[in-house]
Amino acid sequence: MTGRRFDKVEVTHPRTARHNGGEASIVENRLQGRTVKGVNRHGKFLVAPLDKGFTMVAHLGMSGRFIVGDDSQSVPPPHSHFRAWMDDGVVITFVDPRTFGFVAVFDEVELETTGLRRLGPDAWESPPTVEALRLSLAKRTAPIKALLLDQGPVAGLGNIYADEALFLAGIDPRTPGGEVDEAPLERLLASIQVVLSGAIDNGGTSLDDLAYLLPDGRAGDNLSQLHVYGRDGEPCHVCGETIDKVIIRARSTHFCPGCQSG
DNA sequence: ACCTCCCTGGCC
DNA sequence: GGCCAGGGAGGT
């Protein structure tokens, strides 16, 4: 995308523009005429610096998808809430049935007040050292699972991969963050890499609801690789005990009572 | 540091 | 017909 310019932008759902006050016209007017200077990812946020000091920030939520193509398909797919026509003929379409995702455009001042400010180091590109992770978890009493979802200690894990990483590391998700010792934290950092690399290789985890799909519309294939997520009531692949499910921070949390005692 | 809210497709 | 799933922001 770098170097391309936004010729025309249409935002057709106010919720997609909710970080600009729900005003589609703000997103449209700020993007039109701007040139893309880069496209980066931090955790689950897409961050694209533009000229004139603006930054486009997007999040896919649960069901968001960017489709990049040309204008040959003039009828956008259902639940298309954002379309951008670039100066070289490329058309970018944002499809998001559940509208948990968003597209925003911030100036320098606004950028400092967004959720990006609170993001920790990226889980995949620049994971924290065990010392840094220990520091950010020190004295925290919230369950380690909740702190992984917070995106503060480390950014990029959602509910599925947080459960899977804690399983591989042998950590009870209910353990207060500050009570996770150095050895399990080392295992956690290694497990995060294993879980994410496997998931990426498999094209991500599409569940039965098919909320998440690859950009070309295919389902990701990682579901069969999960050890605990969605397997409550089934035997653990490692020890045979029954996978349990509890609610932490209003999120279902799956773990093996046999393997995750730390 | 917690709770609630948003939203839709898929499933019971 | 009703419930559930999830990420993040906002409020208490």
Side-chain angles (χ1 to χ4, degrees), chain A residues 11-24 27 41-47 57-66 76-82 94-106 110-120 122-124 136-166 173-179 195-196 199 204-213 217 219-220 222-223 226 228-233 243 245-254:
Chain A
V11 179
T12 50
H13 200 306
R15 205 169 131 77
T16 299
R18 66 188 179 278
H19 291 290
N20 289 108
E23 297 289 340
V27 175
R41 180 191 57 77
H42 189 168
K44 306 179 209 173
F45 292 80
L46 288 171
V47 182
V57 178
H59 197 297
L60 302 182
M62 296 178 59
S63 59
R65 189 152 48 103
F66 276 106
H79 308 293
S80 298
H81 305 319
F82 169 102
F94 182 60
V95 179
D96 185 17
R98 296 190 188 171
T99 69
F100 272 58
F102 64 84
V103 178
V105 190
F106 298 125
E110 294 163 343
L111 192 60
E112 295 305 309
T113 68
T114 66
L116 289 174
R117 179 179 47 109
R118 302 183 57 249
L119 286 186
D122 185 78
W124 181 243
S136 60
L137 296 178
K139 296 181 180 169
R140 302 293 296 271
T141 58
I144 182 66
K145 166 69 185 289
L147 296 173
L148 289 180
L149 294 180
D150 274 352
Q151 311 299 309
V154 55
L157 297 181
N159 204 35
I160 297 173
Y161 303 134
D163 280 2
E164 293 299 310
L166 288 169
R174 300 164 294 189
T175 311
E179 292 180 19
V195 166
L196 292 182
T205 307
S206 295
L207 304 177
D208 293 339
D209 65 4
L210 298 182
Y212 161 75
L213 295 171
N222 197 58
L223 179 61
L226 302 182
V228 288
Y229 182 88
R231 297 196 65 247
D232 44 300
I243 303 299
K245 179 169 104 165
V246 296
I247 301 296
I248 295 177
R249 283 283 210 285
R251 294 286 170 268
S252 60
T253 297
H254 314 73

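Throughout, a chain's letter reflects where its sequence line sits, starting with A, and its residues are numbered from 1. Heavy-atom basis, side chains included; hydrogens, waters and symmetry copies ignored.
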Item to check | Heavy-atom closest pair, residues Gly120(A) and Ala155(A) | outcome: O-CB, 3.5 Å
Item to check | Rounded distance (Å) that lies between atom P of dG7(C) and atom CG of Leu119(A) | outcome: 14 Å
Checklist outcome for this item: Atom CD1 of Ile160(A) and atom C1' of dA5(C) are separated, to the nearest Å, by 10 Å
Checklist entry - Counting any heavy atom closer than 4.0 Å, what does Phe45(A) reach on the DNA or RNA strands: base, sugar-phosphate only, or nothing? => result sugar-phosphate
Item to check | Under-4.0 Å side-chain N/O to phosphate OP1/OP2 contact, Arg251(A) with dA5(C) | outcome: no
Item to check | Any His59(A) side-chain nitrogen or oxygen under 4.0 Å from OP1 or OP2 of dG8(C) | outcome: yes
Next on the checklist: Looking at Ser252(A), I'd like to know whether one of its side-chain N or O atoms comes within less than 4.0 Å of OP1 or OP2 on dG6(C).
Outcome noted: yes
Checklist entry - Starting at the 5' end of DNA chain B and moving along, which residue's nearest nucleotide shows up first, Phe100(A) or Thr141(A)? => result Thr141(A)
Next on the checklist: From CG of Leu226(A) over to P of dA5(C), roughly how many Å is that when rounded to an integer?
Outcome noted: 16 Å
Checklist entry - To the nearest Å, how far apart are Leu149(A) CG and dA9(C) C1'? => result 15 Å
Next on the checklist: Please classify the nucleic acid contact of Arg249(A) as base, sugar-phosphate, or nothing, using heavy-atom distances under 4.0 Å.
Outcome noted: sugar-phosphate
Checklist entry - Name the one of Pro78(A), Pro76(A), Ser80(A) that satisfies side-chain contact (heavy atoms from CB on, under 4.5 Å) with Val95(A)? => result Ser80(A)
Item to check | Sidechain-backbone polar pair: Ser63(A) side chain, Arg98(A) backbone, donor-acceptor under 3.5 Å | outcome: yes
Checklist outcome for this item: Between Arg118(A) and Met62(A), the residue closer to the 5' end of DNA chain C by nearest nucleotide is Met62(A)
Checklist entry - Roughly, in whole Å, what's the span from CG in Leu213(A) to P in dT8(B)? => result 17 Å
Next on the checklist: With a cut-off of less than 4.0 Å, is there a side-chain N or O of His13(A) near OP1 or OP2 of dC7(B)?
Outcome noted: no
Next on the checklist: dG7(C), OP1 or OP2 - any side-chain N/O from Gln151(A) closer than 4.0 Å?
Outcome noted: no
Next on the checklist: Check the orientation of Phe82(A) and Phe66(A). Use parallel for under 30°, tilted for 30 to 60°, and perpendicular for over 60°.
Outcome noted: perpendicular
Checklist entry - Asp208(A) side chain: which of dG7(C), dC11(B), dA5(C) is closest? => result dC11(B)
Next on the checklist: Can you see whether Phe100(A) has Arg15(A) sitting over its ring - NZ or CZ less than 6.0 Å from the centre and within 45° of the normal?
Outcome noted: yes
Next on the checklist: Using a heavy-atom cut-off of 4.0 Å across all strands, would you classify Lys245(A) as base, sugar-phosphate, or nothing?
Outcome noted: sugar-phosphate
Next on the checklist: Taking the nucleotide of DNA chain B with the nearest heavy atom to each, does Arg140(A) or Asp209(A) sit closer to the 5' end?
Outcome noted: Arg140(A)
Checklist entry - When you check the phosphate oxygens OP1 and OP2 of dG7(C), does a side-chain N or O of Tyr212(A) lie under 4.0 Å from one of them? => result no
